[in-house]
*Asks:* 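First, the structure itself, so that you have it in front of you.
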Amino acid sequence: MTARVALQLSGVERHYGQGETLLAILKGADFTLRSGEIVALVAPSGTGKSTLLHVAGLLERPDAGEVVINGQSCAHLNDEQRTAIRRNEIGFVYQFHHLLPEFSALENIMMPQLIAGLPKAEARVRAAQLLDYMRIGPRAEHRPSELSGGEQQRVAIARAVANAPLVLLADEPTGNLDPETAGYVFEALQALVRQSGLAALIATHNHDLAALMDRRVTIEDGKVRELG
Ligand SMILES: Nc1ncnc2c1ncn2[C@@H]1O[C@H](COP(=O)(O)OP(=O)(O)OP(=O)(O)O)[C@@H](O)[C@H]1O
C-alpha cells in the first residue's frame with residue numbers, strides 16, 4: 001500500500017523584490033512527501049532551500065501555486081487557520097537549536113504541548129519519553145547551556161515532534177555539528193521518523209547524510225528535481 005501524502009507542493013512560485021530587483025526563487029516547484037519517508041534537500045547555497053521549507057511550513061505564502069498538508073489545501077486559509085495547521089501538523093528544526101535558555105531540556109519539550117492545551121502531567125510524560133528515545137534521558141533537568149551541541153539538537157528535534165506532527169521540516173539541522181555528532185543526531189532523527197511514521201524533509205549540505213535518506217531532491221532553476 002502506498003503511504004499517504006503528508007505534504008504536496010504544486011506549481012509553487014516565490015519571488016522577492018519587484019520590478020528590476022525582482023528575484024524569482026521558486027518558479028513552479030512541485031514536490032510530494034509521503035508519511036514515513038525522509039527526503040534530503042540538497043542544493044547549492046542561495047537556490048531556495050530555506051524558501052521552500054518556509055513555504056512548505058506555512059511560514060511564508062507562495063506567490064502562486066498551492067501547498068496541501070494532509071489533504072487540505074492551504075491556499076485560501078487565513079493567518080489564524082495557517083497557524084493552527086502549523087502548530088498541529090508541522091515541526092521545525094533549524095541549524096541553531098533556538099531552545100529557551102531559562103528552561104530545562106524537559107520543559108523545552110513540554111512547552112509546545114502546553115501551548116496546544118495538553119495537561120502538564122501528560123506533557124511531562126511525553127517529554128520524558130522523547131528524551132529517552134533520543135538517548136538523553138539523564139539530561140532532562142539540564143538547561144540548554146549545560147548541553148553539548150549534539151544534545152541541544154536532539155532536544156530541538158524532540159521539541160519539534162512533541163505534538164506528533166505529520167511533517168518535520170529541518171533546515172541544516174546538523175550543519176553546526178562535527179561529522180561524528182551529526183551522524184548520531186541524524187540516526188536519532190531517523191529512528192524517530194521510523195517509529196512515528198512522520199514525513200521529513202531535511203535541507204543539508206552534508207552529502208554523506210543525504211546518502212542515508214530515502215530520497216534526494218534538489219532545486220534547479222526554481223523547480224524541485226529528483227536526484228538519483
Ligand atoms: N526576505 C527576502 N528578501 C529578499 N531576498 C530574499 C529573502 N529571503 C531569501 N532571499 C533570497 O532568496 C535566495 C534564496 O534564499 P534561501 O535562503 O532560500 O537559499 P538557501 O538555498 O536556503 O541558501 P543557504 O544554503 O545559503 O541557506 C537568496 O538569494 C536570498 O538572498
Side-chain angles (χ1 to χ4, degrees), residues 5-34 37-100 112 115 153 156 159-160 165-177 198-207 209-210 213 215-228:
V5 174
L7 166 73
Q8 180 127 39
L9 306 185
S10 307
V12 164
E13 296 180 20
R14 185 79 181 105
H15 54 251
Y16 298 111
Q18 51 189 312
E20 285 187 0
T21 63
L22 184 89
L23 199 59
I25 304 300
L26 300 176
K27 302 186 235 174
D30 299 316
F31 175 66
T32 302
L33 185 67
R34 293 181 182 278
E37 70 172 349
I38 309 181
V39 177
L41 176 57
V42 195
S45 184
T47 47
K49 298 183 296 298
S50 300
T51 302
L52 187 86
L53 291 174
H54 291 169
V55 170
L58 309 187
L59 291 170
E60 289 181 30
R61 285 183 188 269
D63 295 301
E66 188 181 39
V67 179
V68 177
I69 293 175
N70 199 16
Q72 181 177 13
S73 170
C74 301
H76 303 292
L77 301 183
N78 62 31
D79 287 350
E80 204 176 314
Q81 291 166 320
R82 287 165 65 88
T83 301
I85 293 185
R86 202 162 57 232
R87 207 171 267 163
N88 297 326
E89 308 284 17
I90 300 165
F92 272 101
V93 182
Y94 300 93
Q95 181 168 0
F96 297 98
H97 58 77
H98 297 302
L99 296 170
L100 298 170
I115 291 169
Q153 277 309 65
R159 181 185 56 178
L166 196 65
V167 179
L168 180 69
L169 300 171
D171 202 350
E172 293 278 349
T174 60
N176 207 21
L177 306 174
L198 62 81
L201 177 61
I202 302 175
T204 181
H205 285 290
N206 185 327
H207 288 271
L209 284 187
M213 301 191 203
R215 282 196 289 137
R216 282 147 293 285
V217 296
T218 190
I219 300 175
E220 229 172 58
D221 194 24
K223 295 189 171 62
V224 178
R225 186 172 72 77
E226 202 85 21
L227 290 169

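All values below were derived from every heavy atom in this structure, side-chain atoms included, with hydrogens, water molecules and symmetry-related copies excluded. All values reported here derive from a predicted model rather than from experimental measurement.
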*Asks:* How close do M213 and A40 get, counting heavy atoms only, and between which atoms?
*Replies:*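 Of all heavy-atom pairs spanning M213 and A40, the closest is SD-CB, 3.4 Å.
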*Asks:* Quick one: pull up CZ in F92 and CG in L168 and give me the separation to the nearest 0.5 Å.
*Replies:*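 F92 atom CZ to L168 atom CG measures 9.5 Å (nearest 0.5 Å).
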*Asks:* Applying side-chain contact (heavy atoms from CB on, under 4.5 Å), can you list everything that pairs with D221, at least two apart in sequence or on another chain?
*Replies:*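 Per chain and number, D221 pairs via side-chain contact (heavy atoms from CB on, under 4.5 Å) with K27.
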*Asks:* Rounded to the nearest 0.5 Å, how far does CG of N206 lie from OG1 of T174?
*Replies:*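 Nearest 0.5 Å value for the OG1-CG distance: 5.5 Å.
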*Asks:* Would you check if H98 and R159 make a side-chain contact, meaning some heavy-atom pair closer than 4.5 Å?
*Replies:*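 Counting from C-beta outward, H98 and R159 do come under 4.5 Å.
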*Asks:* Out of R82, R14, R86, which one pairs with E60 under the salt bridge (Lys or Arg N to Asp or Glu O under 4.0 Å) rule?
*Replies:*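 Between E60 and the candidates, salt bridge (Lys or Arg N to Asp or Glu O under 4.0 Å) is satisfied uniquely by R14.
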*Asks:* With respect to E172, which candidate in Q95, H205, K49 satisfies the side-chain hydrogen bond (donor to acceptor under 3.5 Å, both in side chains) definition?
*Replies:*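 Only one option passes, and that is H205.
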*Asks:* May I ask you to decide if I69's main-chain N or O and Q72's side chain share a donor-acceptor pair within less than 3.5 Å?
*Replies:*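 Pair absent, no side-chain N/O of Q72 close to backbone of I69.
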*Asks:* Taking R216 for the side chain and A210 for the main chain, is one N or O donor matched with an acceptor at less than 3.5 Å?
*Replies:*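 Between the backbone of A210 and the side chain of R216 there is a qualifying donor-acceptor contact (under 3.5 Å).
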*Asks:* With sequence neighbours left out, what residues match I115 under side-chain contact (heavy atoms from CB on, under 4.5 Å)?
*Replies:*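 So I115 forms a side-chain contact (heavy atoms from CB on, under 4.5 Å) with R87, M111.
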*Asks:* Please give me the minimum heavy-atom distance between L33 and A200, naming the atom from each residue.
*Replies:*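 Minimum heavy-atom contact is CD1-O, 3.6 Å.
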*Asks:* So which atom in V93 and which in P173 form the shortest heavy-atom distance, rounded to 0.1 Å?
*Replies:*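 Result for this residue pair: CG1-CB, 3.9 Å.
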*Asks:* Using 0.5 Å steps for rounding, measure from the CG atom of L169 to the CG atom of L7.
*Replies:*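 Here the interatomic distance stands at 7.0 Å.
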*Asks:* I'd like to check L58 versus E89 (side-chain heavy atoms, cut-off strictly below 4.5 Å). Are they in contact?
*Replies:*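 Of all side-chain heavy-atom pairs linking E89 with L58, none is under 4.5 Å.
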*Asks:* With a 4.5 Å limit on heavy-atom distance, are the side chains of L9 and V224 in contact?
*Replies:*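 They are not in side-chain contact.
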*Asks:* Return the minimal non-hydrogen interatomic distance between L53 and A203, and the atom names on each side.
*Replies:*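 Smallest interatomic distance, heavy atoms only, reads CD1-CB, 3.8 Å.
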*Asks:* Does T218 use its side chain to pair, donor to acceptor, with the backbone of V42 at less than 3.5 Å?
*Replies:*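 Present.
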*Asks:* Return the CZ to CG distance between F96 and N176, rounded to the nearest 0.5 Å.
*Replies:*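 These two atoms lie 4.5 Å from each other.
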*Asks:* Among V68, V67, D30, T32, whose side-chain contact (heavy atoms from CB on, under 4.5 Å) with S10 holds?
*Replies:*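 For S10, the side-chain contact (heavy atoms from CB on, under 4.5 Å) check succeeds only for D30.
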*Asks:* The criterion is side-chain contact (heavy atoms from CB on, under 4.5 Å); which residues satisfy it with A6, sequence neighbours excluded?
*Replies:*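 side-chain contact (heavy atoms from CB on, under 4.5 Å) check on A6 returns S35, L166, V167, A199.
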*Asks:* Less than 4.5 Å apart, side chain to side chain, heavy atoms only: is that true for L26 and E13?
*Replies:*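 L26 vs E13: side chains apart.
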*Asks:* Could you give the distance from NE2 (H15) to CG (D63), rounded to the nearest 0.5 Å?
*Replies:*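 With rounding to 0.5 Å, NE2 (H15) is 3.5 Å from CG (D63).
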*Asks:* State whether the number of non-hydrogen atoms from other residues, nucleotides or ligands found under 6.0 Å of E226 atom CD is greater than 12.
*Replies:*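 For E226, atom CD is crowded (more than 12 foreign heavy atoms under 6.0 Å).
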*Asks:* Do you know which two heavy atoms are closest between D171 and S50, and how far apart they sit?
*Replies:*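 Taking D171 first and S50 second, the nearest heavy atoms are OD2-OG, 2.8 Å.
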*Asks:* Could you tell me the separation between the CG atom of L52 and the CZ atom of F31, rounded to the nearest 0.5 Å?
*Replies:*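 L52 CG to F31 CZ: 7.5 Å, rounded to 0.5 Å.
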*Asks:* Considering only heavy atoms from C-beta outward, does the side chain of C74 approach that of I85 to under 4.5 Å?
*Replies:*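 Yes - at least one pair of side-chain heavy atoms lies under 4.5 Å apart.
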*Asks:* Which heavy atom of A156 sits nearest a heavy atom of H97, and at what distance?
*Replies:*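 Heavy atoms only, the tightest pair is CB-O, 3.9 Å.
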